[in-house]
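Here the structure is a predicted model, which is why all the values come from computation and not from measurement. Atoms within each ligand, like the ligands themselves, are counted from 1 in listed order.
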Amino acid sequence: MRSALVIGTGLIGTSAALALTRRGVTVHLADHDPQQARTAAALGAGTDEAPAGPVDLAVVAAPPAHVAGVLADALRGGLARGYIDVASVKGGPRRELETLGLDLSAYLGTHPMSGREKSGPLAATADLFEGRPWVLTPTRATDTEVLNLALELVSFCGAVPVVMDADAHDRAVALVSHMPHLVSGLVAARLEHADEAAVRLCGQGIRDVTRIAASDPAMWIDILSANPGPVADLLGDVAADLEQTVRALRALQSADEDKRQEGAAGVADVLRRGNAGQVRVPGKHGSAPRVYETVVVLIDDQPGQLARIFADAGRAGVNIEDVRIEHATGQQAGLVQLMVEPQAAPALTAALRERGWAIRR
Ligand SMILES: NC(=O)c1ccc[n+]([C@@H]2O[C@H](COP(=O)([O-])OP(=O)(O)OC[C@H]3O[C@@H](n4cnc5c(N)ncnc54)[C@H](O)[C@@H]3O)[C@@H](O)[C@H]2O)c1
Ligand SMILES: O=C(O)C(=O)C[C@]1(C(=O)O)C=C[C@@H](O)C=C1
């Protein structure tokens, strides 16, 4: 990739632009607020001058509610060879674009699983995405060219590509991002009218639980409006657990020893389940290196091949954790190495064979 256009130069757009600029890519910066683009340029993220012709990759990093409109304008204007967005929700923007009847083969929906509670270019850092998952949601219609450009961007940002279906992504982030965001806000909201004497005692525990509650509400209303069902289901489950925990705590206040024991068991249960969930949270750099199994697929060097493999893997219910592509020099063929969880490898191999792919051992 030689050139890129970042549209929306806030936290995420400027962070990606800084990473690309450091790798020698010529980055053009645009924002509906020109001051934001100027600030990003002053930080060394690129130039706020418009490109003279189409760039290799357009990266749309505007708030979710604006993503489809901005992408549609960019696609109609022929601003780039490939187009991606980085919005925190993937199903809604894609459906909005589909209703506009545009050719979406040059578009790929993506989502870096990294961010901050602060907005704007001044909060950006070139290493924001390092070691973090970056979700790619290709469909069978996605051109290989845009997939390759997106993989290059992810690699320049030091992130780890994860391929998923858009709706599966939205259900997953409801669990690991959207519901936790609301829970953090609910905990922080208890402090709004609390006594100063209590607030003064805040230690690291409450700081950890409430950091993300400082995020921009306008951005989060956009995100939650595009994923309300899955988030409401999960919050309903949390509410049921809360009710049970309140009952257990009330039982602990009882004069009856049996009731107190029941209460203690109820509280212990929620704490134990919390421990079991917490150990599953992967560390950024600190987690043990994961050992994936590699499924190698032979592809013809034709447009759309990679996207079709990813879509077939998605249909088989397999997440691709990482991907590498080896182009055979002088031949119209290449080898795609798909890294998956060991238990998923046999299912992926069988599903891809069934769909006519040549698997190499
Ligand atoms: N903040 C996070 O933690 C995080 C993480 C991953 C992905 N995202 C996604 O990245 C995108 C950007 O989020 P952010 O945190 O960088 O927000 P931000 O508020 O820091 O930046 C958004 C930028 O987009 C600009 N903008 C708004 N409407 C526009 C339009 N119509 N055309 C051009 N520019 C426009 C704003 O002026 C602003 O500079 C969002 O879609 C968000 O869902 C955010
Ligand atoms: O670390 C934070 O501040 C974040 O909230 C980042 C976070 C997340 O939930 O992990 C928030 C929204 C994005 O879509 C992706 C990442």
Side-chain angles (χ1 to χ4, degrees), residues 5-19 28-41 43 45 48 50 58-74 77 79 84-94 96 109-125 128-137 153-154 157 159 162 164 169-170 172-185 188 207-227 231 234 281-282 284:
L5 169 63
V6 173
I7 310 175
T9 53
L11 167 71
I12 300 297
T14 305
S15 296
L18 284 168
H28 297 268
L29 305 159
D31 197 291
H32 81 154
D33 174 357
Q35 186 54 46
Q36 296 283 80
R38 269 199 294 278
T39 304
L43 291 168
D48 60 343
V59 180
V60 174
H66 297 269
V67 158
V70 173
L71 272 165
D73 289 347
L79 300 187
I84 67 163
D85 76 294
V86 294
S88 308
V89 277
K90 299 276 53 94
R94 166 160 284 281
E96 260 184 78
T110 85
H111 179 206
M113 281 312 298
S114 183
R116 296 184 68 185
E117 69 283 9
K118 298 190 171 94
S119 305
L122 291 172
T125 56
L128 185 69
F129 310 109
E130 253 171 45
R132 297 295 177 99
W134 191 314
V135 180
L136 309 176
T137 63
L153 165 73
V154 171
C157 291
V162 177
M164 282 181 98
H169 161 274
D170 288 358
V173 291
L175 175 69
V176 302
S177 174
H178 303 171
M179 175 274 288
H181 194 88
L182 284 170
V183 172
S184 172
R207 285 173 213 278
D208 288 349
V209 173
T210 60
R211 178 184 63 81
I212 53 178
S215 304
D216 175 18
M219 175 75 73
W220 276 92
I221 289 160
D222 262 23
I223 295 173
L224 295 165
S225 304
N227 204 18
V231 181
L234 286 158
V281 178
K284 185 178 175 187

So does Pro180 get a backbone contact from the side chain of Ser184, meaning a donor-acceptor N/O pair under 3.5 Å?
no

So Phe129 and Trp134, would you call those rings parallel, tilted or perpendicular, with 30° and 60° as cut-offs?
tilted

Which atoms of ligand 2 sit under 4.0 Å from any heavy atom of Arg116?
2 (C), 3 (O)

Provide the closest heavy-atom pair for Lys118 versus Ala123 in the form atom of the first, atom of the second, distance.
CB-CB, 3.7 Å

Identify the protein heavy atom lying closest to atom 1 (O) of ligand 2, giving its residue, its atom name and the separation to 0.1 Å.
Arg211 NH2, 2.9 Å

Any idea which of Pro64, Gly10, Ala124, Pro63 brings a heavy atom closest to atom 24 (O) of ligand 1?
Pro63

Give me the nearest non-hydrogen protein atom to atom 13 (C) of ligand 2 as residue plus atom name, then the distance to 0.1 Å.
His111 NE2, 3.5 Å

Which ligand 1 atoms, with their elements, are less than 4.0 angstrom from a heavy-atom of Ser119?
19 (O), 20 (O)

Can an N or O of Asp33 be found at a distance shorter than 3.5 Å from an N or O of ligand 1?
no

Asp170 backbone acceptor or donor facing Asn227 side chain under 3.5 Å
yes

Relative to the heavy atoms of Ser177, which atoms of ligand 2 are at a distance of less than 4.0 Å?
8 (C), 9 (O), 11 (C), 12 (C)

Any idea which protein heavy atom is nearest atom 39 (O) of ligand 1, and the distance to it?
Asp31 OD2, 2.6 Å

Is the shortest heavy-atom distance from the side chain of Leu224 to the side chain of Leu182 under 4.5 Å?
yes

Does ligand 1 have any atom sitting under 4.0 Å from a heavy atom of Ser215?
no

When Leu29 is tested against each of Leu5, Thr9, Ile7, Leu43 for side chain to side chain contact (heavy atoms under 4.5 Å, CB included), which residue passes?
Thr9

Which of the numbered atoms in ligand 2 are below 4.0 angstrom from a heavy atom of Ile212?
2 (C), 3 (O), 5 (O)

Interatomic distance, His169 atom NE2 to Arg94 atom CZ [nearest 0.5 angstrom]:
13.0 Å

Minimum heavy-atom distance Val67-Ala62, with the two atoms named:
CG2-O, 3.5 Å

So for His181, does at least one of its heavy atoms come nearer than 4.0 angstrom to any atom of ligand 2?
no

Of all protein heavy atoms, the one nearest atom 2 (C) of ligand 1 is Gly115 CA, 3.9 Å

Heavy-atom nearest neighbour in the protein, as seen from atom 8 (N) of ligand 1, with distance rounded to 0.1 Å:
Ser88 OG, 3.4 Å

Report the distance from atom CD1 of Ile12 to atom OG of Ser88, rounding to the nearest 0.5 Å.
7.5 Å

Quick note on ligand 1: atoms under 4.0 Å from a heavy atom of Pro112 include exactly 6 (C)

In the protein, what heavy atom is nearest to atom 16 (O) of ligand 1, and what distance, to one decimal place, separates them?
Ile12 N, 2.8 Å

Tell me the protein heavy atom at minimum distance from atom 12 (C) of ligand 1, and give that distance in Å.
Ala61 O, 3.2 Å

Atom pair NE2 (His181) and CD (Glu117), whose distance is rounded to the nearest 0.5 Å:
10.0 Å

Looking only at distance, does Ile7 have an N or O less than 3.5 Å from an N or O of ligand 1?
no

Below 3.5 Å, N or O to N or O, backbone or side chain included: is there any such pair between Gly115 and ligand 2?
yes

Any atoms of ligand 1 less than 4.0 Å from a non-hydrogen atom of Val86? List them with their elements.
7 (C), 8 (N), 9 (C), 10 (O)

I want to know if ligand 1 touches His111 in the polar sense, i.e. an N/O pair below 3.5 angstrom.
no

Please determine if Gly120 has a nitrogen or oxygen closer than 3.5 Å to a nitrogen or oxygen of ligand 1.
yes

Atoms in ligand 2 flagged as close to Glu117, the criterion being non-hydrogen separation under 4.0 Å
3 (O)

Quick one: closest heavy-atom pair of Val6 and Ala17, and the distance?
CG2-CB, 4.0 Å

What's the shortest heavy-atom distance between Ser177 and Met113, and which atoms?
CB-CE, 4.3 Å

Pick from Ser114, Gly13, Ala16, Pro34: the one approaching atom 5 (C) of ligand 1 most closely through a non-hydrogen atom:
Ser114

Going by heavy atoms, is His178 under 4.0 Å from ligand 2?
no

Show, in sequence, the C-alpha distance, side-chain angles and deciding distance for Leu128 and Leu11, and conclude whether the side-chain contact (heavy atoms from CB on, under 4.5 Å) test is met.
CA-CA 9 Å; Leu128 185 69; Leu11 167 71; 4.3 Å; yes

Quick note on ligand 2: atoms under 4.0 Å from a heavy atom of Ser88 include exactly 13 (C), 14 (O)

Should the pair His32 and His66 be assigned to parallel (<30°), tilted (30 to 60°) or perpendicular (>60°) ring geometry?
tilted

Minimal non-hydrogen separation, Leu122 against Thr39, with atom names
CD2-CG2, 3.9 Å

In the protein, what heavy atom is nearest to atom 32 (N) of ligand 1, and what distance, to one decimal place, separates them?
Val70 CG2, 3.6 Å

Using a 4.0 Å cut-off to any heavy atom of Trp220, which atoms of ligand 2 qualify?
11 (C), 12 (C)

Close-contact set for ligand 1 against Arg116 heavy atoms, below 4.0 Å:
1 (N), 3 (O)

When every non-hydrogen atom of Pro121 is compared with those of Gln36, the smallest separation belongs to CD-NE2, 3.5 Å

Roughly how far apart are Asp48 CG and Gln35 CD, rounded to 0.5 Å?
9.5 Å

Students should be able to answer this: which protein heavy-atom is nearest to atom 40 (C) of ligand 1, and at what distance?
Ala62 O, 3.3 Å

Which residue owns the protein heavy atom closest to atom 14 (P) of ligand 1, what's the atom, and how far is it?
Met219 CE, 3.6 Å

Asp85/Lys90 ion pair, N-O < 4.0 Å
yes

When rounded to the nearest 0.5 angstrom, what is the spacing between CG in Asp31 and OG1 in Thr14?
8.0 Å

Please determine if Ser114 has a nitrogen or oxygen closer than 3.5 Å to a nitrogen or oxygen of ligand 2.
no

Once you restrict to heavy atoms under 4.0 Å, what part of His32 touches ligand 1? Side chain, backbone, both or neither.
both

Any N or O of Leu11 that comes nearer than 3.5 Å to an N or O of ligand 1?
yes

